[in-house]
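First the structure, in the form of structure tokens, and then the observations on it.
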There are 2 protein chains.
Amino acid sequence: MDVRTLCLGALMGGEATGYEIRKMFEDGTFSHFQIASLGSIYPALTKLTQDGLVTFVEHEQENRPDKKVYQLTQEGRRTFLRTLLQTRPAEDRYRSDILFMLTFAEEMPIELTEALIDEFAARHELMSHQIDPDNEDKQGSPSTYGRDENGNPKPGCCFVAGLGQAMCDATLKFIRENKQGLLDELRNFKARKP
Amino acid sequence: MDVRTLCLGALMGGEATGYEIRKMFEDGTFSHFQIASLGSIYPALTKLTQDGLVTFVEHEQENRPDKKVYQLTQEGRRTFLRTLLQTRPAEDRYRSDILFMLTFAEEMPIELTEALIDEFAARHELMSHQIDPDNEDKQGSPSTYGRDENGNPKPGCCFVAGLGQAMCDATLKFIRENKQGLLDELRNFKARKP
DNA sequence: TCCGACATATATCGGACTGATATAACGATT
DNA sequence: AATCGTTATATCAGTCCGATATATGTCGGA
């Protein structure tokens, strides 16, 4: 799924600026299973405009840089829906420097190992917080993504959010139950082979 | 973490060809939390050779294309260890087309939703299988990654593998418990708004 | 028995994407 | 007053993926 398709999907929830779209992938609805950087979002929106799949209105704000508020066209909506039906989803891919580094725990000081595990836990704690739609700090947020016109959360979004939450919980539980054991093992390991 | 560092890490477990390194990221020890394609591995190995961090021996095999078996140099080992101690790990990133698509479950036929969920489950089942080091089909595999010289699995690797397993289990459990509920909700949703 | 599919093995390259940087103005914290 | 973070758009160098090419062997099925 290229960034153009991702942008179309993001705009299915209503109008948004490029900056707001990035936030959906950074903090918002999509944050735990997709990413897109500004460096790809802006060119994508330009291309989509040229292709007639989105339009934008320029909002001049006082004492602020201009805003381009993008919106799906009918053809954009149709194109996205068609893509949904036709696309074979690519393989899931999870990248984690921390887990890669922990693979070599024997080769580093135990304090570093512990710090890496703690950071991993902290990030998942944060993620778990970001996923929960009720727990969001933004009460009167302008665009309530993942909800329909009446403000009801959409079943698909709930399912995906729940799944993310379950993954986070499992991760945190595993760390709670196995961190100390690993550190002990490493101490033994190092005592045997200095 | 760039592919060069990833290759150095892969070679910490012993000598390997470029093709074998890719397999570690495709099927092997690193498969559930890092990826690297051949298109980046081969240039990386060339660069590492130029920089003196790895060396290779060309094995001519009968009736087979030549093999370049790479190995860390002492400087390569030192460089990797230094990188381990100095690198701030990048953010974890998880990309899933399937979860993105499921976000729009309301917009597609229920059969497609179910097929996507089933595929998601199947992939995680497979991954769970790949992670388990005891369960590996390759009994006399040439290089036993993740183990020390005596064949004992390394604590760091076990921890990371266990974590991966826990995530898979949680995912599969969530799907078992929530798939039917989602499909029912979607049917209601569609009945109300045709 | 032949054919296609798959595995081993290296190499290259176009196109897509990330991450950094530039610009600009404001509020908040130090 | 100075630095930092936030809103907002835009560009670009460098990195990486995915596809493709090349060469050869094995294995299962029609």
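Note that the coordinates shown come from a computational prediction; the quantities given were computed from them, not determined experimentally. To find a chain, count down the sequence lines: A is the first, B the second, and so on, and within it residues start at 1.
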Tell me: CD of Glu20(A) to C1' of dT9(D), nearest whole Å?
13 Å
Is the NZ or CZ atom of Arg22(B) positioned over Tyr19(B)'s six-membered ring, under 6.0 angstrom from the centre and within 45° of the axis?
yes
Whole angstrom value for the distance that separates C1' of dG18(D) from CG of Asp97(B):
14 Å
Answer yes or no: does a side-chain N or O of Tyr42(B) lie under 4.0 Å from OP1 or OP2 of dT10(C)?
yes
Calculate the interatomic distance between His59(B) atom NE2 and dT10(C) atom P; express it in whole Å.
11 Å
Ion pair present between Glu91(B) and Arg95(A), side-chain N to carboxylate O less than 4.0 angstrom?
no
Measure the NZ-CG distance between Lys47(A) and Asp51(A) for me, rounded to the nearest 0.5 Å.
4.5 Å
Within less than 4.0 Å of OP1 or OP2 of dT9(D), is there a side-chain N or O belonging to Tyr19(A)?
no
Rounded to the nearest Å, what distance is computed from the CD1 atom of residue Ile21(A) to the C1' atom of nucleotide dT7(D)?
15 Å
Can Glu107(B) and Arg77(A) be counted as an ion pair, charged N to O under 4.0 angstrom?
yes
In whole Å, what is the span from the CG atom of Asp66(B) to the C1' atom of dA11(C)?
13 Å
Going from CZ on Phe33(A) to CZ on Arg93(B), what distance comes out if it is rounded to the nearest 0.5 angstrom?
14.5 Å
Using atom names, set out every protein N or O paired with an N or O of nucleotides 14-19 of chain C below 3.5 Å, distance rounded to 0.1 Å.
from, atom 1, to, atom 2, distance (Å)
dC17(C), OP1, Val3(A), N, 3.1
dT18(C), OP2, Ser37(A), N, 3.3
dT18(C), OP2, Ser37(A), OG, 3.1
dT18(C), OP2, Ser40(A), OG, 2.8

Counting any heavy atom closer than 4.0 Å, what does Thr17(A) reach on the DNA or RNA strands: base, sugar-phosphate only, or nothing?
sugar-phosphate
side-chain contact (heavy atoms from CB on, under 4.5 Å) for Phe120(B) and Leu163(A)? Distances and angles first, verdict last.
CA-CA 11 Å; Phe120(B) 195 77; Leu163(A) 220 172; 3.8 Å; yes
Can you tell me the distance, in whole Å, between the CE atom of Met24(A) and the P atom of dA8(D)?
12 Å
Counting N and O atoms only, with roles assigned by atom type, does the side chain of Glu119(B) sit under 3.5 Å from a partner on the main chain of Leu116(B), one being a donor and the other an acceptor?
no
Can you check the Glu26(B) CD to dG18(D) C1' distance for me, whole Å?
12 Å
Rounded to whole Å, how long is the line connecting atom NZ of Lys47(B) with atom C1' of dG14(D)?
12 Å
Ignoring backbone atoms, establish whether Lys23(A) has a side-chain N or O less than 4.0 Å from OP1 or OP2 of dA8(D).
no
